[in-house]
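Data block below; observations after.
Every chain is numbered from 1 and lettered A, B, ... according to where its sequence line falls, protein lines coming before strand lines. Keep in mind that the numbers below use all heavy atoms, side chains included, and drop hydrogens, waters and symmetry copies.
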Protein chains: 2
Amino acid sequence: MTEVVIAGIGQTSVGEKWEVSLRELAFYAIEQALEDSGGLNPQALYVGNMLAPQISRQAQLGTLIADFAGMNGIEAVTIEAAGASGGAALRSGFLAVSSGLVDVVLVVGVEKFMDQVGSVIDSALATAIDSDYEAVHGLTLTAQAAMLMRRYIYEFNTPRSAFAAFPLTAHANGVANPNAMFRKAIKPETYERAGIVSDPINMFDVAPNADGAAAVILTRKDLLPSGFPHPFIRIAGSSLVTDTLSLHDRPHPLVFHAARVSVERACQQARITPIQMDFFELDDAFSIYALLSLEAAGFAEKGQGWHLSHDNCLGLNGSMPICTMGGSKARGNPGGATGVYQAVEAVMQLRGHAGENQIKDARRAMIQCLGGPASTAATHILETLS
Amino acid sequence: MTEVVIAGIGQTSVGEKWEVSLRELAFYAIEQALEDSGGLNPQALYVGNMLAPQISRQAQLGTLIADFAGMNGIEAVTIEAAGASGGAALRSGFLAVSSGLVDVVLVVGVEKFMDQVGSVIDSALATAIDSDYEAVHGLTLTAQAAMLMRRYIYEFNTPRSAFAAFPLTAHANGVANPNAMFRKAIKPETYERAGIVSDPINMFDVAPNADGAAAVILTRKDLLPSGFPHPFIRIAGSSLVTDTLSLHDRPHPLVFHAARVSVERACQQARITPIQMDFFELDDAFSIYALLSLEAAGFAEKGQGWHLSHDNCLGLNGSMPICTMGGSKARGNPGGATGVYQAVEAVMQLRGHAGENQIKDARRAMIQCLGGPASTAATHILETLS
């Protein structure tokens, strides 16, 4: 079995980058990742992106970015799976290196919302749900998440305040992340008083759309030079699983089935169980996504996930820390780049370079990003090689 | 080295399919491919598509199509590289099977232009060129190809009639293809009299945008049952190469450099030379693309490719037949599905099932599709295993 390792990481800060173009944004992350890898030469580029053809009127990003980043001629394509695009690109890179046919792969997640405004963005995001059966009726991703949250509250008699733990944890962790969009902790009262976006989702239950790019370099362990400057971090498990696209086609809308199966497969490959992870970078595009992801991963029974927030297990010193660098809520949600940000942040933790947010003795991480309400789920397990 | 074989093929007819949805179109091709494979069970789906998020307001096609085709839960993503999307998806499938981590892969190319009309389609297609430096000035793919063609005529003193061979060959071959959009041969006079689309490109120098879906099933040879009903056809070579996205950034705009390198790499992997191919399914989205592809593949020197048309080497009985089932010109141009159509058509030839269009003793095929003017080039070599 080929040992695929993450040999370089890079990221831009996340935010509203009106002054930076899509290609520049990707380049900044790539530049860092190449330097961090000690000068590896990628032969292939997988770009995780969700919206560029719609928002920036630009397709063929692989070619655009490879050329702009000075890697003219290399193999380069775009991988799209809505919000799971970054994780899907990572998976493609993993498969390419595993094949033995490509030695060094560059995976870039890039998203630029700020080439457009408001309704254009909402409409673009709605292409992630079923056009013929959902979006056509005016449903958006946020409205859909609101329906899920309302149903959860109804089914499990959940107090509204139970959801506060997700943004509170994320914002607390974002404070010390220099790349985060929001670096201010929030209080329970702030959450309680926040304006409603799509009832019952309030301003803090939905992550802010933001521009950003992140990059990782994958290679085989045996190809790294003897003086390689970082600990070896391998991809121990990798999986991508889909569900129905439409929410109404699912037997249990409150079960993120694809997320569950994806975790099971990645864990099986890595020969560990979820509980053995030192932290879990989950998809918190909405509070309800984070909650259902925890249940899907087996950290709580169905309908019980909200108790985790009471037990304070989600913080940096908790039993299962999540969103350790702020998650999509505080770091910002760069759409199809999210999965690559998660990989970069997990590697920082595993290298012991997470600064004030460092998880003690972090050796194993699970990262998972979702396309829509787990219509696609990409899960990776990263592990420090001793 | 893992032997990756094409074990099943399917395709819909190509045309204006106002009454069929995107998911249905994909399903029809998949249904055929699954049956043709004798009932293999794919674990992963790679969708080659260029425009669905813009034209049909639908992203996350992997999930949509996997679910609709009754393969709920399998790994599924979309691969985008403009007009090379189909070839890129095939390449992703090849790498996945080569990794040994996925046993059976389904590759689907699907494109549906007819969810929109005229200017929306042109604008969507223009996302394949550089948004910031080309499209913003009003350039379209067709106008760009016109500039290439004009320059070629100027540089090499080429008679306008030299380009006729491409549509004439394609339309002659389309007559006997039941899936072709246009099944009528054309005469040189018809070509000469055709209306101008973008000077010097006339109606026959540009392939018609059309709806269609094609599917192939890939697996490892050793996984096929002993009674497998078809000859074994392996992917002997696979490569994807990029160039600059902008035409103005190239030292020689009339050289399809990525197409050349892609052919070289695929041939190197297959240990054969282009001249050993029995036919060449090239990208004839424009006559000038076909011409430059022939030169890039080494079948003619730079500026000499148009002589091939005089030598009648391109027809079914010629020395290097192209577009044997009609190419994009007569079969129709289903955008990001093109590369998968090429694979299906090549397999038909290699199985000896190409009917009236059968190339005698066909054993080796080269297929190549392009994103824009070879901004991306995906090349595959298919070979009958004896």
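Using modelled atom types and a 3.5 Å distance limit, the side chains of A/Ser375 and B/Thr63 yield no donor-acceptor pair. A/Glu75 and B/Thr242 form no side-chain donor-acceptor contact under 3.5 Å, judged by distance and modelled atom types alone.
More than 12 heavy atoms of other shown residues, nucleotides or ligands fall within 6.0 angstrom of atom NE2 in A/His137. A 6.0 Å sphere centred on NE2 of B/His252 holds no more than 12 heavy atoms belonging to other residues, nucleotides or ligands.
Side-chain atoms of A/Gln54 never come within 3.5 Å of backbone atoms of B/Arg57 as a donor-acceptor pair (strictly under, hydrogens ignored). Side-chain atoms of B/Gln60 never come within 3.5 Å of backbone atoms of A/Ala82 as a donor-acceptor pair (strictly under, hydrogens ignored). A donor-acceptor pair under 3.5 Å is formed between the side chain of B/Ser131 and the backbone N or O of A/Ser56.
With chain B as the partner, the residue from A/Asn49, A/Leu51, A/Leu95, A/Val136 showing the most heavy-atom pairs under 4.5 Å is A/Leu95. Chosen from A/Met71, A/Arg265, A/Arg91, A/His257, the residue pairing most often with chain B at heavy-atom distances under 4.5 Å is A/Arg91. Interface remark: of the candidates B/Gly73, B/Ala81, B/Gly62, B/Gly73 forms the most heavy-atom pairs closer than 4.5 Å to chain A. Options B/Asn72, B/Leu45, B/Leu245 differ in how many heavy-atom pairs under 4.5 Å they form with chain A, and the most are formed by B/Leu245. Between chain A and the options B/Ala44, B/Pro53, B/Ser239, the largest number of non-hydrogen pairs under 4.5 Å is found for B/Pro53. If you tally non-hydrogen atom pairs under 4.5 Å between each of B/Ser123, B/Ala84, B/Ala89 and chain A, the highest count goes to B/Ser123. Taking B/Val241, B/Leu240, B/Val47 one by one and counting their heavy-atom pairs under 4.5 Å with chain A, the maximum is reached by B/Leu240.
Considering only heavy atoms from C-beta on, A/Thr244 comes within 4.5 Å of B/Asp67 through its side chain. Residues A/Thr78 and B/Ile79 fail the side-chain proximity criterion, which asks for heavy atoms closer than 4.5 Å.
Heavy atoms of A/Phe68 lying under 4.5 Å from chain B are absent altogether. If you measure heavy-atom distances from B/Leu61 to chain A, the contacts under 4.5 Å come from the backbone alone. Heavy-atom distances place no part of A/Val261 under 4.5 Å from chain B, backbone and side chain included. When heavy atoms are compared at a cutoff of 4.5 Å, A/Ala128 approaches chain B by way of both its backbone and its side chain. Only the backbone of A/Ile129 comes within contact range of chain B, with heavy atoms under 4.5 Å apart. Heavy atoms closer than 4.5 Å to chain B are found in the side chain of A/Val102, but not in its backbone. Contacts between A/Asp132 and chain B at a heavy-atom distance below 4.5 Å involve backbone atoms as well as side-chain atoms. Heavy atoms closer than 4.5 Å to chain B are found in both the backbone and the side chain of A/Ala76.
A distance of 8.0 Å separates CG in B/Leu64 from OG in A/Ser246, rounded to the nearest 0.5 Å. For the atom pair OG of B/Ser85 and CD of A/Glu80, the computed distance is 11.5 Å after rounding to the nearest 0.5 Å.
Contacts between residues 20-28 of chain A and chain B, defined by a heavy-atom separation under 4.5 Å, are made by A/Ser21, A/Arg23.
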